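Some notes on the structure that comes next.
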Amino acid sequence: MTQYFEDMVVGAVERFGAYRVTREEVIDFARRFDPQPFHLSDEAAAATHFGRLSASGWHSCAMVMAMLVEHLQAIDHAGLGSPGIDALRWLRPVHPGDTLRCETELLEKRRSASRPAMGSFKSRLIAYNQDDVAVLSMVSIGLIRVREAIPSSG
């Protein structure tokens, strides 16, 4: 059953995902998008506050996005995209061998006055590693279809 604006409950918490971070993926992402030495080399990372190879924060965001999209597809969320993120924090390094998971909390929702077939919502997402240490947090805005706006057939 598709999840529409009307089905969303402020305060609801959802837990999902299990993303295993691999060394190869960390280095590949860094080579392509964030080629800083501590994302590419054990030796360079050891000389920094990271202490060992760590994933780019943008890679962490991409891994979270992969888990989020998989979750939204599984619940058949009637999403319409996102106009942006209000807050993003990289709280702790993500390392090869970590397994990430997500928790979201619906903070608020409102129906669009100018586009009655659409609603918006704000949610907080926190990504945790396998030790339940928060590694990333963000507050994002999403857009979603309104069920009542769907024309009835017949």
Side-chain angles (χ1 to χ4, degrees), residues 1-36 39-40 53-154:
M1 184 165 102
T2 302
Q3 181 189 54
Y4 293 96
F5 174 82
E6 294 86 346
D7 304 315
M8 299 181 78
V9 177
V10 173
V13 174
E14 296 180 276
R15 294 172 180 86
F16 55 88
Y19 195 104
R20 179 82 170 159
V21 182
T22 69
R23 175 181 175 73
E24 296 74 25
E25 189 175 286
V26 166
I27 293 170
D28 182 55
F29 186 98
R31 275 192 196 116
R32 297 177 66 207
F33 303 110
D34 191 356
Q36 297 182 77
H39 299 319
L40 295 168
L53 191 69
S54 64
S56 164
W58 297 112
H59 185 196
S60 297
C61 290
M63 291 181 277
V64 163
M65 191 67 195
M67 288 185 283
L68 181 59
V69 169
E70 182 178 357
H71 173 68
L72 294 175
Q73 289 173 340
I75 64 171
D76 197 20
H77 183 79
L80 297 169
S82 171
I85 294 174
D86 283 347
L88 170 63
R89 295 287 180 263
W90 295 301
L91 304 170
R92 296 283 186 272
V94 172
H95 301 288
D98 285 350
T99 299
L100 304 180
R101 66 176 181 82
C102 299
E103 290 186 10
T104 60
E105 179 184 3
L106 183 61
L107 302 175
E108 62 186 64
K109 70 176 193 174
R110 69 175 180 81
R111 191 156 176 181
S112 173
S114 61
R115 300 171 108 180
M118 178 186 295
S120 67
F121 62 94
K122 187 177 281 192
S123 61
R124 176 182 300 110
L125 182 146
I126 301 176
Y128 296 90
N129 67 17
Q130 68 283 351
D131 298 320
D132 290 327
V133 174
V135 297
L136 177 151
S137 70
M138 67 178 179
V139 175
S140 63
I141 303 162
L143 303 174
I144 186 168
R145 287 190 294 266
V146 171
R147 179 186 293 111
E148 296 168 2
I150 298 172
S152 59
S153 56

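In this text, all values refer to a predicted model and were calculated from it rather than measured experimentally.
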Task: Point-to-point distance, once rounded to the nearest 0.5 Å, from CE of Met138 to CZ of Arg124 - done: 12.0 Å
Open item on the list: Distance check, rounded to the nearest 0.5 Å: Thr2 atom OG1 versus Ile75 atom CD1?
Closed with: 10.0 Å
Open item on the list: Quick check: closest heavy atoms across Val135 and Leu100, and the distance to 0.1 Å?
Closed with: CG2-CD2, 4.0 Å
Open item on the list: For a quick test of reading the model, state the closest non-hydrogen atom pair linking Ser123 to Leu106 and the distance between them.
Closed with: CB-CA, 4.3 Å
Task: Short side-chain donor-acceptor distance under 3.5 Å, Gln3 and Asp76 - done: no
Open item on the list: Under a 3.5 Å distance rule, please check whether Lys109 uses its side chain to pair with a backbone N or O of Gly119 as donor and acceptor.
Closed with: no
TODO: Specify the closest pair of heavy atoms between Leu143 and Pro83, including all atoms of both residues, with the distance to one decimal.
DONE: CG-CD, 3.9 Å
Could you go through residues 66-74 and list every donor-acceptor pair under 3.5 Å that involves a side-chain atom there, pairing it with any protein atom two or more places apart or in another chain?
| unit_1 | atom_1 | unit_2 | atom_2 | d |
| --- | --- | --- | --- | --- |
| His71 | NE2 | Glu14 | OE2 | 3.1 |

Open item on the list: Evaluate Met63 against Val94 for side chain to side chain contact (heavy atoms under 4.5 Å, CB included), listing each step before the verdict.
Closed with: CA-CA 11 Å; Met63 291 181 277; Val94 172; 4.2 Å; yes
List, one per line, each side-chain donor-acceptor pair under 3.5 Å for residues 26-34, sequence neighbours excluded.
| unit_1 | atom_1 | unit_2 | atom_2 | d |
| --- | --- | --- | --- | --- |
| Asp34 | OD1 | Gln36 | NE2 | 2.7 |
| Asp34 | OD2 | His39 | NE2 | 3.4 |
| Asp34 | OD2 | Ser56 | OG | 2.7 |

Task: CE on Met65 to OG on Ser140, rounded to 0.5 Å - done: 8.5 Å
Open item on the list: Between Glu103 and Ile126 (side chain of the first, backbone of the second, donor and acceptor by atom type, cut-off under 3.5 Å), is there such a pair?
Closed with: no
Open item on the list: side chain to side chain contact (heavy atoms under 4.5 Å, CB included) for Val146 and Glu6? Distances and angles first, verdict last.
Closed with: CA-CA 7 Å; Val146 171; Glu6 294 86 346; 3.0 Å; yes
TODO: Go through Asp131 and Asp98 one step at a time and tell me if the side chain to side chain contact (heavy atoms under 4.5 Å, CB included) criterion holds.
DONE: CA-CA 9 Å; Asp131 298 320; Asp98 285 350; 6.0 Å; no
Task: Side-chain donor/acceptor of Ser82 to backbone N/O of Ile141, under 3.5 Å - done: yes
Task: N/O donor-acceptor pair under 3.5 Å between Arg147 side chain and Phe5 backbone - done: no
Task: Identified side-chain contact (heavy atoms from CB on, under 4.5 Å) counterpart of Arg101 within the set Asp132, Asn129, Val64 - done: Asp132
Task: Pairwise side-chain contact, Cys61 with Leu88, heavy-atom cut-off 4.5 Å (strictly under) - done: yes
Task: Closest approach of Ser112 to Arg115 (non-hydrogen atoms, all atoms of both residues) - done: OG-N, 2.9 Å
- [ ] Show your working on side chain to side chain contact (heavy atoms under 4.5 Å, CB included) between Leu91 and Ser137 and close with a plain yes or no.
- [x] CA-CA 7 Å; Leu91 304 170; Ser137 70; 4.1 Å; yes
Open item on the list: Is the shortest side-chain heavy-atom distance between His95 and Val21 below 4.5 Å?
Closed with: no
Open item on the list: Which heavy atom of Gly79 sits nearest to which heavy atom of Arg145, and what is that distance?
Closed with: O-NH1, 4.3 Å
- [ ] Would you confirm whether the ring centroid of His77 sits within less than 6.0 angstrom of the ring centroid of Phe16?
- [x] no
